[in-house]
Amino acid sequence: MLNLLEKKAEKIAEASDKKLKKALTLQDLFFLSLGGIIGSGWLLGGVAAASTAGPASIISWIIGGIIVLFIALTFAEISAALPKSGGLVRYPHYAYGGYIGYIMGWAYLLYTLTVPVVEAEAILTYASTYIHGIVHNVGTVVMLTPLGIIYGIILMFAFFLINWFGVKFFAKFNTLMTWLKFIIPVITVVALLFILNKANFTYYGGFAPLGLEKIFYAIPSCGIVFSYLGFRQALNFGGEAKHPQRDIPIVTIFSIIVGIILYTMLEVAFIGAIKWPAGITWATLTHTSLGSAPYFIELKNTGIALFAGIAYFILISSFLAPAGTGWIFVGSSARTMYGISADGYYSPSFLKIHEKTRVPYVSLITTTLMSLVFFLPFPSWYLLVGFISSAAILTYILGPLMLISFRKHAPNLYRPFRLPLSSVIAPIAFIAGALIMYWSGTETITMVIYFVLLGVPIFYLSYASKALGLSKAFSYTVGVIEFVVTATILIINYLFVFSPIFKESLSNKTIIYIVSLFIMAITWLFFTGLTASKVSDEDKKIFNSSYWFFGFIFINAFVSFFGAFGINTVIPFPLDTFLMIVIDFIIYLFAVKAVYKTPALEEAVEEMENERNN
């Protein structure tokens with residue numbers, strides 16, 4: 001049975017869900033997902049990928065798209081069967097209970113909070129071609145100045161206003177903007193193909209001049225997976241759709257297919273149209289003006305008047321494309337906060353719906369303000385996009401696991417879309433998603449893991465004592481210890497392992513990293529087990545179902561440090577990737593075994609059955 005806190009949250013959430021306006025059509029949902037996909041990735045992802053993998057970045061876009069499509073197929077079945085606003089943070093709660101449910105909810109909230117910021121940064125990066133003083137170069141990275149950050153905050157306020165006026169206005173406005181966002185990249189591809197230079201695909205070292213491993217490193221680090229993950233918007237707005245069970249699977253699959261075709265052609269066109277400045281190679285492409293406005297510069301420098309005119313349309317798209325994704329994710333972050341609160345983790349205040357506009361307005365205001373914080377540590381598109389991608393993929397890998405869980409524990413749930421070959425597709429999707437995280441490199445993996453774990457003490461401070469019957473003294477003590485240990489080790493790793501501030505030897509970095517990783521693993525496993533020993537037999541399940549997750553994150557971090565994408569490479573590519581495939585498959589088996597029939601899933605299934613019968 002649900003505990004008292006969960007019952008209260010579920011009751012409020014059920015009433016709030018009914019207030020949400022069911023206004024989104026198939027077209028609206030499609031353009032929400034496509035609008036999420038066509039953002040700053042098309043403006044800056046091409047040059048970032050080419051500077052990392054050379055012409056082989058074309059393959060990176062195809063592989064990244066196929067992997068995300070596999071993951072999306074698992075979500076298509078889940079979201080069609082259980083359409084919920086904020087569903088993407090409610091589903092893990094249904095499969096694994098409160099502990100993993102909270103961790104994944106927090107991880108996804110981090111993702112949705114940072115996306116509007118990175119889109120605002122992309123707008124300003126392009127705008128620097130005609131507005132001076134908003135960016136400057138720090139080493140090889142284009143970063144916002146204080147003035148640029150102020151402009152970014154103004155853009156965030158505009159994103160907020162578009163969401164404030166209600167989901168129907170938001171959807172219609174977004175559909176119009178997405179048409180424009182789609183048309184301009186297509187025109188860009190056509191124009192650049194007229195000046196394509198075939199020799200560019202073998203210049204400076206051949207098709208893969210920087211090594212085969214860079215094809216895979218580009219997927220998480222250069223905005224590729226970041227772009228494709230925009231498909232999730234239709235899932236997040238599922239509770240506000242007219243026919244979610246029919247429309248969501250269609251939208252999910254076709255938006256990604258369209259995205260793969262568009263982004264692959266954009267990469268081909270970009271690479272073929274490069275006019276090489278003196279002394280520039282693939283690895284230094286972003287050091288030139290191409291790093292700020294790649295397609296604009298290419299078309300402007302053709303010397304053809306028509307193409308120069310098209311270049312200025314790209315400047316228009318440099319606002320529309322990132323802005324469209326930005327305002328979508330401002331709405332998505334509000335639904336994410338709404339979903340976490342519906343699971344009982346945060347205050348029921350975040351479930352309040354505005355009587356006139358029918359939007360979760362308390363969540364919307366709160367998440368918009370929280371997003372602004374990320375301008376300070378990540379004042380650059382190139383710095384933030386890798387972090388975002390890995391934070392997101394950490395939550396996406398649960399899709400295959402939840403599919404298997406719901407098939408096992410809710411076999412009679414009505415499924416408008418039933419994924420064929422799910423027993424084959426689910427492990428492939430999990431392993432492929434896990435590899436994306438592994439390919440992002442040790443620094444990104446470590447930062448994502450520790451930032452995610454930094455938010456978990458909130459689980460103890462706001463949920464555990466109320467919902468699980470733990471004493472406040474115990475809950476607060478565990479929460480504070482975990483926070484202090486994680487924050488301390490995060491700072492130590494940043495300063496002595498990743499940052500150039502302290503020039504430690506490789507052997508010292510290895511010792512610091514491995515010892516700190518061991519301390520983290522012991523701390524989290526110990527307190528998870530200790531907490532499980534103090535709760536009821538029913539509540540023990542939520543902690544016992546989490547051990548696979550800690551194994552997953554800490555083993556990934558360990559192997560990454562010694563792999564081809566790490567700092568002390570002992571296991572070369574592709575042996576490290578083959579090793580991770582084996583490890584991730586074993587973890588997948590443990591994760592599938594850990595799912596159980598949660599009370600929250602029973603309640604959700606019962607609610608859907610009641611809706612179908614009414």
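Owing to the predicted nature of the structure, the values given are computational and were not obtained by experimental measurement. Just so it is clear, the values below take in all heavy atoms, side chains as well, and ignore hydrogens, waters and symmetry mates.
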Enquirer: So does Asn301 get a backbone contact from the side chain of Lys275, meaning a donor-acceptor N/O pair under 3.5 Å?
Expert: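 Yes.
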Enquirer: Out of curiosity, Trp439 CH2 to Ser389 OG, how far, rounded to the nearest 0.5 Å?
Expert: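 If we round to the nearest 0.5 Å, Trp439:CH2 and Ser389:OG are 13.5 Å apart.
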Enquirer: How close do Ala273 and Ile195 get, counting heavy atoms only, and between which atoms?
Expert: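 Distance-wise, the nearest heavy atoms are CB-CD1, 4.0 Å.
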Enquirer: Report the C-alpha distance between Phe565 and Tyr438 in whole Å, list the side-chain angles of each, state the deciding distance to 0.1 Å, and finish with yes or no for ring pair (Phe, Tyr, Trp, His ring centres under 6.0 Å).
Expert: CA-CA 8 Å; Phe565 304 91; Tyr438 173 76; 5.7 Å; yes
Enquirer: Take Arg335 and Val359 through the test side-chain contact (heavy atoms from CB on, under 4.5 Å) and record every step on the way to the result.
Expert: CA-CA 9 Å; Arg335 271 74 180 176; Val359 296; 4.2 Å; yes
Enquirer: Flag yes if more than 12 heavy atoms outside Tyr494 fall under 6.0 Å of its OH atom; otherwise flag no.
Expert: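 Counting neighbours around OH of Tyr494, 12 or fewer heavy atoms of other residues, nucleotides or ligands fall under 6.0 Å, so no.
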Enquirer: Closest approach of Trp282 and Asn200, non-hydrogen atoms and distance?
Expert: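 Residues Trp282 and Asn200, closest heavy atoms: CZ2-O, 3.2 Å.
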Enquirer: Does the Ser57 side chain pair with the main chain of Ala53, one donor and one acceptor, at a distance under 3.5 Å?
Expert: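 Side chain of Ser57 to backbone of Ala53, a donor-acceptor pair under 3.5 Å: no, none is there.
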Enquirer: Keeping Ser33 on the side-chain end and Phe30 on the backbone end, is there a donor-acceptor pair under 3.5 Å?
Expert: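 The answer is no, because no donor-acceptor pair under 3.5 Å joins these two groups.
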Enquirer: Are Ile553 and Leu394 close enough, and set up right, to give a side-chain contact (heavy atoms from CB on, under 4.5 Å), and what steps lead you there?
Expert: CA-CA 9 Å; Ile553 59 175; Leu394 186 61; 4.2 Å; yes
Enquirer: For Tyr111 together with Phe329, are the ring centres under 6.0 Å from each other?
Expert: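 Ring-ring flag for Phe329/Tyr111: true, centres closer than 6.0 Å.
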Enquirer: Locate the shortest heavy-atom distance separating Leu229 from Ala392; write the atom from each residue and the value.
Expert: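 It is CD1-CB, 3.5 Å.
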Enquirer: Please report the closest heavy-atom contact between Leu109 and Ser333, naming both atoms and the distance.
Expert: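 Distance-wise, the nearest heavy atoms are CD1-O, 4.0 Å.
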Enquirer: Flag the pair Ile184 / Trp42 as yes when at least one side-chain heavy-atom distance between them is below 4.5 Å, and no otherwise.
Expert: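 SC-SC contact between Ile184 and Trp42 confirmed.
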Enquirer: Please tell me if the side chains of Met337 and Met370 come closer than 4.5 Å, counting only heavy atoms from C-beta onward.
Expert: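 Yes - at least one pair of side-chain heavy atoms lies under 4.5 Å apart.
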Enquirer: Looking at Thr145 and Gly148, would you say the former's side chain and the latter's main chain have a donor-acceptor pair under 3.5 Å?
Expert: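 Yes; at least one donor-acceptor contact below 3.5 Å.
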Enquirer: Tyr295 and Phe270: aromatic ring centres closer than 6.0 Å?
Expert: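 Ring centroids of Tyr295 and Phe270 are less than 6.0 Å from each other.
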Enquirer: Quick check: are there more than 12 heavy atoms from other residues, nucleotides or ligands sitting under 6.0 Å from OH of Tyr151?
Expert: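 Count not over threshold, so no.
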Enquirer: Under 6.0 Å from the CZ atom of Phe194, do we count more than 12 heavy atoms belonging to anything else shown?
Expert: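 Not buried by this count: 12 neighbours or fewer within 6.0 Å.
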Enquirer: Is it possible for you to check whether Lys214 lies under 6.0 Å from the centre of the six-membered ring of Tyr217, through NZ or CZ, and within 45° of that ring's axis?
Expert: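 Relative to the ring axis of Tyr217, which defines the angle, Lys214 lies inside both limits.
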Enquirer: Find out whether Thr336 and Thr367 are in side-chain contact, i.e. whether some heavy atom of one side chain is under 4.5 Å from a heavy atom of the other.
Expert: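 With C-beta onward as the side chain, the pair stays apart.
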Enquirer: Could you grab the distance from atom CD1 of Ile67 to atom CG of Leu435, nearest 0.5 Å is fine?
Expert: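 Spacing of CD1 (Ile67) from CG (Leu435) equals 7.0 Å.
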Enquirer: Look only at the side chain of Thr444 and the backbone of Phe387, and say whether a donor-acceptor pair between them is shorter than 3.5 Å.
Expert: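 Flag not set: sc Thr444 to bb Phe387 has no pair under 3.5 Å.
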Enquirer: Do Val385 and Ile388 come within less than 4.5 Å of each other through their side chains, counting heavy atoms only?
Expert: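 Result no, sub-4.5 Å side-chain heavy-atom pair not found.
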Enquirer: Rounded at 0.5 Å granularity, tell me how far OH in Tyr338 sits from OG in Ser363.
Expert: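 Answer rounded to 0.5 Å: 8.5 Å.
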Enquirer: Any heavy-atom pair between the side chains of Thr577 and Phe216 that's under 4.5 Å?
Expert: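 The answer is no, as the side chains (C-beta and beyond) never meet within the 4.5 Å cut-off.
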Enquirer: Go through it in stages, so that I can follow the logic: the residues are Leu110 and Thr114, the test is side-chain contact (heavy atoms from CB on, under 4.5 Å), and I'd like the CA-CA distance, side-chain angles, deciding distance and then a yes or no.
Expert: CA-CA 6 Å; Leu110 278 179; Thr114 50; 5.6 Å; no
Enquirer: Just by distance, do the side chain of Asn197 and the backbone of Gly272 share a donor-acceptor pair under 3.5 Å?
Expert: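 No: the side chain of Asn197 does not pair with the backbone of Gly272.
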Enquirer: Do you know which two heavy atoms are closest between Ser255 and Ile37, and how far apart they sit?
Expert: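 For Ser255 and Ile37, the tightest heavy-atom pair comes out as O-CD1, 3.4 Å.
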Enquirer: Report the C-alpha separation of Thr188 and Glu298 in whole Å, then their side-chain angles, then the decisive distance to 0.1 Å, and conclude whether the side-chain contact (heavy atoms from CB on, under 4.5 Å) test is met.
Expert: CA-CA 10 Å; Thr188 301; Glu298 284 189 333; over 6 Å; no
Enquirer: Would you name the heavy atoms of Ile215 and Ser60 that are closest together and state the gap between them?
Expert: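 What the structure gives for the nearest pair is O-OG, 2.7 Å.
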Enquirer: Looking only at the aromatic ring of each residue, does the gap between the centers of Tyr126 and Phe296 stay below 6.0 angstrom?
Expert: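 Between Tyr126 and Phe296, which both carry aromatic rings, the centre distance is not below 6.0 Å.
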Enquirer: Do the side chains of Leu285 and Trp276 get nearer than 4.5 Å, heavy atoms only?
Expert: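 Sidechains of Leu285 and Trp276: in contact.
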Enquirer: Could you give me the CA-CA distance, side-chain angles and deciding distance for Ser332 and Thr112, then say whether side chain to side chain donor-acceptor pair (under 3.5 Å) is met?
Expert: CA-CA 7 Å; Ser332 187; Thr112 59; 5.6 Å; no
Enquirer: Out of curiosity, Thr74 OG1 to Phe430 CZ, how far, rounded to the nearest 0.5 Å?
Expert: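 The CZ atom of Phe430 is 11.5 Å from OG1 of Thr74, to the nearest 0.5 Å.
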Enquirer: Do Tyr91 and Phe75 have ring centroids that are under 6.0 Å from one another?
Expert: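 That pair fails the under 6.0 Å test.
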Enquirer: So, Asp584 side chain and Ala434 main chain: donor-acceptor pair closer than 3.5 Å or not?
Expert: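 Here the side-chain-to-backbone pair does not exist.
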Enquirer: Do any N or O atoms from the side chain of Glu119 and from the backbone of Ser40 form a donor-acceptor pair under 3.5 angstrom?
Expert: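 Yes, Glu119 side chain to Ser40 backbone: donor-acceptor pair under 3.5 Å.
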Enquirer: Would the distance check show the side chain of Trp61 and the main-chain N or O of Glu267 forming a donor-acceptor pair, the cut-off being under 3.5 Å?
Expert: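 No, Trp61 side chain to Glu267 backbone: no donor-acceptor pair under 3.5 Å.
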Enquirer: How about Trp327 and Trp164: are their ring centres within less than 6.0 Å of each other?
Expert: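 No, ring centres 6.0 Å or more apart.
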Enquirer: Does a sphere of radius 6.0 Å around CZ in Phe313 hold more than 12 heavy atoms from other residues, nucleotides or ligands, not counting ones at 6.0 Å or beyond?
Expert: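 Open.
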Enquirer: Just how far is it from atom CD1 of Ile397 to atom CD1 of Ile71, taken to the nearest 0.5 Å?
Expert: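 So the gap between those two atoms works out to 8.5 Å.
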Enquirer: Is there a side-chain contact between His132 and Leu147, using heavy atoms and a 4.5 Å cut-off?
Expert: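 No, side chains not in contact.
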Enquirer: Ring-plane angle category for Phe160 and Phe157, please: parallel below 30°, perpendicular beyond 60°, tilted otherwise.
Expert: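 Geometry flag for Phe157 against Phe160: parallel rings.
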Enquirer: Using atom types as modelled and distance alone, determine if a side-chain donor or acceptor of Glu443 lies under 3.5 Å from a backbone N or O of Phe498.
Expert: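 Not a single qualifying donor-acceptor pair exists.
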Enquirer: Side-chain contact, heavy-atom cut-off 4.5 Å: Phe307 with Lys300?
Expert: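 They are not in side-chain contact.
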Enquirer: Nearest 0.5 Å, please: how far is CG in Leu212 from CD1 in Ile59?
Expert: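 It is 8.5 Å, given to the nearest 0.5 Å.
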